Amino acid sequence: MAVSLTIIVLIIFLHLLAFVFAIGAERRRSEATVKPDKYDDRTFCVYTTDASTVYGLAAFTLLLLSQTVLNAVTRCLCCGKGLVTGCSTTCATIFFILSWLGFLGAEACLLAGSARNAYHTKYRGYFNKHNLSCATLRKGVFAAGAALTLFSMLVSVLYYWAHSKADTGFWEKHQNEGIGLATHNQVPESEKP
């Protein structure tokens, strides 16, 4: 299998788009303020926009799509044709593992950040109490997802390149192998004693 520029561009595009959405999610995180209820003596939390949850889920989906495309093309390293043993196969295996670690880390950050950002508390207590806080997503969760998205993009492209270099196909790999039968030299009848 040769390196396909279309696959590399698609993987990079999906990762970069996921990165942009993750950065957008970090910038648009929900913030909350404690406000008094005008009808009784309770306080409640007022949250800003919930766009960060949508951005985080969009980044999650794009990253999932990119990983699906990569593993469909390479057949997940273990289900495809045989790879030639050597440095390229070792590199492909290492980059495969790093690709999955970066992918899972980024997906965990994006999904957890989206879920936590979507969680809104309602009433927190009575108006006379002090130190009330509203539950919000801490800063940096989506940024960590964005950083892991870039890491995943880098190792995914390197994995695809190393896999393509190591994958010569089943027939080419076994081209010079034979059964190992020796040829039988027959002596013509006229030369027999």
Side-chain angles (χ1 to χ4, degrees), residues 3-37 42-77 92-125 129-163:
V3 175
S4 172
L5 187 60
T6 306
I7 299 299
I8 290 177
V9 168
L10 182 63
I11 290 169
I12 290 173
F13 174 73
L14 290 173
H15 273 86
L16 287 179
L17 197 56
F19 173 77
V20 168
F21 275 117
I23 293 297
E26 179 65 31
R27 294 187 54 127
R28 301 284 308 262
R29 286 179 304 112
S30 292
E31 295 178 1
T33 56
V34 178
K35 299 283 184 179
D37 193 346
R42 289 181 156 283
T43 58
F44 62 98
C45 298
V46 176
Y47 289 89
T48 58
T49 181
D50 206 21
S52 184
T53 302
V54 176
Y55 289 165
L57 291 176
F60 176 87
T61 304
L62 289 168
L63 195 57
L64 182 65
L65 181 62
S66 178
Q67 192 74 5
T68 302
V69 167
L70 176 66
N71 285 302
V73 169
T74 62
R75 297 206 176 123
C76 198
L77 187 68
T93 305
I94 290 170
F95 289 137
F96 174 75
I97 293 168
L98 290 175
S99 170
W100 272 99
L101 288 176
F103 165 73
L104 292 174
E107 291 286 73
C109 288
L110 293 171
L111 189 61
S114 296
R116 182 66 177 162
N117 191 68
Y119 175 74
H120 298 311
T121 56
K122 185 103 174 160
Y123 287 96
R124 299 296 296 166
K129 291 188 177 183
H130 300 289
N131 299 330
L132 295 177
S133 65
C134 301
T136 57
L137 177 67
R138 59 190 300 191
K139 191 174 185 177
V141 175
F142 286 119
L148 286 170
T149 298
L150 286 182
F151 174 74
S152 176
M153 178 186 71
L154 175 68
V155 294
S156 293
V157 169
L158 290 173
Y159 162 61
Y160 177 69
W161 176 77
H163 184 276

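Here the structure is a predicted model, which is why all the values come from computation and not from measurement.
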Item to check | Test side-chain contact (heavy atoms from CB on, under 4.5 Å) applied to Leu98 and Phe151, step by step | outcome: CA-CA 9 Å; Leu98 290 175; Phe151 174 74; 4.3 Å; yes
Checklist entry - Which pairs count as side chain to side chain donor-acceptor pair (under 3.5 Å) when at least one residue sits in residues 101-110, sequence neighbours excluded? => result none
Checklist entry - So, the side chain of Asn71 versus the backbone of Gln67: is there a donor-acceptor pair under 3.5 Å, distance only? => result yes
Checklist entry - Which pair of non-hydrogen atoms, one from Tyr160 and one from Val73, has the smallest distance, and what is that distance? => result CE1-CG1, 3.5 Å
Checklist outcome for this item: Given the options Leu63, Leu65, Leu70, Val20, His15 meets side-chain contact (heavy atoms from CB on, under 4.5 Å) only with Leu63
Next on the checklist: Going by side-chain contact (heavy atoms from CB on, under 4.5 Å), name the residues that satisfy it together with Val157, two or more places apart in sequence or in a different chain.
Outcome noted: Ile8, Ile11, Ile12
Checklist outcome for this item: On a heavy-atom basis, the closest approach of Leu16 and Leu150 is CD2-CD2, 4.1 Å
Item to check | side-chain hydrogen bond (donor to acceptor under 3.5 Å, both in side chains) involving Ser114 - partner list, sequence neighbours excluded | outcome: none
Checklist entry - How about Leu57 and Leu111: do any of their side-chain heavy atoms sit closer than 4.5 Å? => result yes
Checklist entry - Just wondering, do Val54 and Phe21 contact through their side chains at under 4.5 Å, heavy atoms? => result no
Checklist entry - Between atom OG1 of Thr53 and atom CZ of Arg28, what is the distance when rounded to the nearest 0.5 Å? => result 11.0 Å
Item to check | For Ser156, all residues meeting side-chain hydrogen bond (donor to acceptor under 3.5 Å, both in side chains), sequence neighbours excluded | outcome: Ser99
Checklist entry - Any sub-3.5 Å donor-acceptor pair from Thr68's side-chain atoms to Leu64's backbone N or O? => result yes
Checklist outcome for this item: For Ala146, the side-chain contact (heavy atoms from CB on, under 4.5 Å) test, sequence neighbours excluded, returns Phe19, Ala22, Ile23
Next on the checklist: For Leu104, give me all partners under side-chain contact (heavy atoms from CB on, under 4.5 Å), at least two apart in sequence or on another chain.
Outcome noted: Trp100
Next on the checklist: Nearest 0.5 Å, please: how far is OG1 in Thr149 from CG in Leu17?
Outcome noted: 11.0 Å
Checklist outcome for this item: Heavy-atom nearest pair, Gly56 first then Phe142, reads CA-CE2, 3.8 Å
Checklist entry - Any side chain to side chain donor-acceptor pair (under 3.5 Å) pairs touching residues 138-147, not counting sequence neighbours? => result none
Checklist entry - Say you draw a straight line from CD1 of Ile94 to OH of Tyr159; how long is it, rounded to the nearest 0.5 Å? => result 13.0 Å
Checklist entry - Listed by chain and number, what are the side-chain contact (heavy atoms from CB on, under 4.5 Å) partners of Leu158, not counting sequence neighbours? => result Phe95, Leu154
